Undergrad: 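Dropping a structure here in structure tokens format, bear with me for questions.
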Amino acid sequence: MADYDNALYTPWYSYRSLITAVEIENGITSVGGYAFCGCSNLEKISLPSSVTSINMFAFSSCSSLTGIDILDNIVTVGNAAFYNCDGLTNITIPGNVINIGEYAFALCDNLVSVTISEGVESIGLRAFRSTALSGITIPSSVSYIGTAAFSNDNLEKIIVNDDNEYYGSGSNGILFSKDGSVLVECPCLLHKEYCEENGYDYEKTVFSLTIPDTVKTIEKDAFLECYYLSYINILGASEIGNYAFHNCYNLSSIDLPDSMESIGTGVFYNCMSLTSISIPYGITSIGDYAFTYCISLANLTLPSSITEIGIEAFWKCYSLESITIPEGVTKINKLTFDECTSLKSIVLLKTLLTIESLAFYNCALLQTVYCCGTEDE
């Protein structure tokens, strides 16, 4: 079957809402990309044994699908193949499926149970993002898991088969690399079991976490939307992936180790409760959007080791009142401090050569700018 660039180009697009059943004839080897995307009343799919691939967006937004017992001969479930199929509640991925694509089952809001069988090798980025899963078990055959593969606000634990050579899970349900050096994903409701055992309301209880010094890398999106995380102590990591703490709304404090070398793109994006952070000496760069929408960030000291500050790094840090740009920084990028509406004073040291357009746009209270040094200089 042909792949389509968009559901608009399928021959049956104009009457897709009338389609209730799909039967693919024998001999066809794949269900084409976007083939039945948006067939909102589709309830039944029949596939012959010749079909081995369900391509990208093939059945996305088929909201009347309540089951997919069609995977017995499938090798690849393509990117977003069942994206936004909110009628799905329970699925089993058989062992003949080698690859589960990116966003394959993302936004299946009512999906509460997924069984991944031995034989599955690859689970793509955000494959089960924004589902209703409270837990997932990873079989020994899986050798690749994309970032934020299971991220949702119901997830309590990720369990890995002890025989898996690539991944492991801590006693608290966090997903790590097998040797423990990489923290891959933290469940949003990591603390739920503890709260229930001790009579707390987990929806009103925040938790803190210490990451041991055996962890050297925190993956991209590892703590994405861990709403209840309030404090984190990182003991030894040298690398934090992009957007690692994105949308951690209750994160108010974090301790970074001296081993850190940079703060990447969007690492603390929209951490609205973050009031202060001590950036250790040795960090040389702060990435684009690193602290965007940290609306409570009032206290910030940049160490002299920093030489680069990214675009919109402090955009909409409404509570920030003063900042000193370290010696060694030669350029302030566009929109870096845009809408820092409480910013009253800045110090620009001698090495600064360029201030790009709109760098301090909408800083309505800015009164004092010390150029080429401190006030005394």
Side-chain angles (χ1 to χ4, degrees), residues 112 126 128-138 145 147-160 167-177 180-237 239-257 260 263 266-278 290-291 293-299:
V112 296
R126 303 191 181 199
F128 298 94
R129 169 96 167 97
S130 296
T131 63
L133 290 177
S134 60
I136 191 76
T137 298
I138 310 299
I145 301 175
T147 58
F150 309 104
S151 175
N152 74 77
D153 54 15
N154 298 290
L155 192 65
E156 299 172 37
K157 61 180 66 177
I158 301 169
I159 300 171
V160 181
Y167 295 96
S169 51
S171 58
N172 52 8
I174 296 176
L175 179 63
F176 294 94
S177 61
S181 65
V182 180
L183 192 157
V184 180
E185 185 171 345
C186 178
C188 179
L189 291 187
L190 186 69
H191 66 313
K192 183 179 178 181
E193 184 175 338
Y194 170 82
C195 288
E196 290 178 342
E197 288 177 352
N198 291 276
Y200 302 132
D201 183 346
Y202 71 87
E203 292 185 342
K204 296 180 180 179
T205 305
V206 294
F207 72 98
S208 60
L209 188 66
T210 295
I211 298 177
D213 58 8
T214 52
V215 174
K216 303 305 179 186
T217 300
I218 298 173
E219 279 277 20
K220 175 183 177 182
D221 290 329
F223 291 87
L224 174 65
E225 295 176 358
C226 284
Y227 303 130
Y228 305 103
L229 180 64
S230 65
Y231 166 72
I232 191 162
N233 183 16
I234 303 173
L235 296 181
E239 181 181 353
I240 299 179
N242 296 344
Y243 295 96
F245 297 95
H246 181 198
N247 285 353
C248 290
Y249 300 142
N250 284 300
L251 184 63
S252 59
S253 180
I254 185 165
D255 287 333
L256 300 176
M260 284 279 299
I263 296 176
V267 169
F268 299 104
Y269 190 104
N270 207 26
C271 291
M272 297 187 297
S273 298
L274 189 64
T275 57
S276 63
I277 184 169
S278 178
F291 294 94
Y293 275 111
C294 290
I295 61 176
S296 301
L297 185 61
N299 300 305

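For the numbers below, each heavy atom of this structure counts, side chains included, while hydrogens, waters and symmetry mates do not. A quick note: this is a predicted structure, and the numbers were derived from the prediction, not measured.
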Undergrad: Compare all side-chain heavy atoms of Ser134 with those of Glu156 and state whether any distance is below 4.5 angstrom.
TA: yes
Undergrad: Would you check if the side chain of Ser169 reaches a backbone N or O of Ile159 as a donor-acceptor pair within less than 3.5 Å?
TA: no
Undergrad: Please tell me whether Tyr249 and Tyr227 form a close aromatic pair, meaning their ring centres lie under 6.0 Å apart.
TA: yes
Undergrad: Gly180 and Val215: which non-hydrogen atoms are nearest, and at how many Å?
TA: O-CG2, 3.4 Å
Undergrad: Using modelled atom types and a 3.5 Å cut-off, is there a donor and acceptor pairing between side-chain atoms of Ser230 and backbone atoms of Phe207?
TA: yes
Undergrad: Rounded at 0.5 Å granularity, tell me how far CZ in Phe268 sits from CD1 in Ile263.
TA: 5.5 Å
Undergrad: Given side chain to side chain contact (heavy atoms under 4.5 Å, CB included), test Leu190 with Leu209 step by step and report yes or no.
TA: CA-CA 10 Å; Leu190 186 69; Leu209 188 66; 4.1 Å; yes
Undergrad: Roughly how far apart are Cys271 SG and Leu229 CG, rounded to 0.5 Å?
TA: 8.5 Å
Undergrad: Could you pull out the closest heavy-atom pair between Ile240 and Phe245, with the gap in Å?
TA: CG2-CE1, 4.1 Å
Undergrad: Between Leu274 and Cys294, what is the shortest heavy-atom contact and its length?
TA: CD2-SG, 4.3 Å
Undergrad: Side chain to side chain contact (heavy atoms under 4.5 Å, CB included), that's the test. Do Ile277 and Leu256 meet it? Break it down for me.
TA: CA-CA 8 Å; Ile277 184 169; Leu256 300 176; 3.9 Å; yes
Undergrad: Is the count of non-hydrogen atoms from other residues, nucleotides or ligands lying under 6.0 Å from Glu193 atom CD greater than 12?
TA: no
Undergrad: Side chains of Ile158 and Ile138: closer than 4.5 Å at any heavy-atom pair?
TA: yes
Undergrad: As an exercise, state the distance from CD1 of Ile136 to CZ of Phe150, rounded to the nearest 0.5 Å.
TA: 5.5 Å
Undergrad: Going from NZ on Lys216 to OG on Ser177, what distance comes out if it is rounded to the nearest 0.5 angstrom?
TA: 12.0 Å
Undergrad: Taking the six-membered ring for Trp, are His191 and Tyr202 parallel (under 30°), tilted (30 to 60°) or perpendicular (over 60°)?
TA: perpendicular
Undergrad: Going through the checks in order, is the side chain to side chain contact (heavy atoms under 4.5 Å, CB included) test met by Leu155 and Leu189?
TA: CA-CA 6 Å; Leu155 192 65; Leu189 291 187; over 6 Å; no
Undergrad: Would you say NZ of Lys157 has more than 12 non-hydrogen atoms from neighbouring residues, nucleotides or ligands within 6.0 angstrom?
TA: no
Undergrad: Find the distance between SG (Cys186) and CD1 (Ile211) and round it off to the nearest 0.5 Å.
TA: 8.0 Å
Undergrad: Where do Asp213 and Leu235 come nearest, in terms of heavy atoms and distance?
TA: N-CB, 3.8 Å
Undergrad: Look up atom OG in Ser252 and atom CG in Leu297, then write down how far apart they are to the nearest 0.5 Å.
TA: 12.0 Å
Undergrad: Do the side chain of Tyr228 and the main chain of Lys204 share a donor and acceptor less than 3.5 angstrom apart?
TA: no
Undergrad: State, with a plain yes or no, whether a side-chain heavy atom of Glu239 is found less than 4.5 Å away from one of Ile218.
TA: no
Undergrad: For the residue pair Tyr231 / Asp255, report whether a side-chain donor-acceptor contact shorter than 3.5 Å exists.
TA: yes
Undergrad: Salt bridge (Lys or Arg N to Asp or Glu O under 4.0 Å) between Lys220 and Glu185: does it pass, once the steps are laid out?
TA: CA-CA 9 Å; Lys220 175 183 177 182; Glu185 185 171 345; over 6 Å; no
Undergrad: Would Leu183 and Leu175 satisfy side chain to side chain contact (heavy atoms under 4.5 Å, CB included), going step by step from the backbone distance to the final call?
TA: CA-CA 6 Å; Leu183 192 157; Leu175 179 63; over 6 Å; no
Undergrad: Taking Asn152 for the side chain and Leu133 for the main chain, is one N or O donor matched with an acceptor at less than 3.5 Å?
TA: yes
Undergrad: Can you see which heavy atom on Phe176 is nearest to which on Val184, and at what distance?
TA: C-CG2, 4.0 Å
Undergrad: What is the minimum heavy-atom distance between Cys188 and Glu225, and which atoms define it?
TA: SG-O, 3.2 Å
Undergrad: So does Met272 get a backbone contact from the side chain of Ser296, meaning a donor-acceptor N/O pair under 3.5 Å?
TA: yes
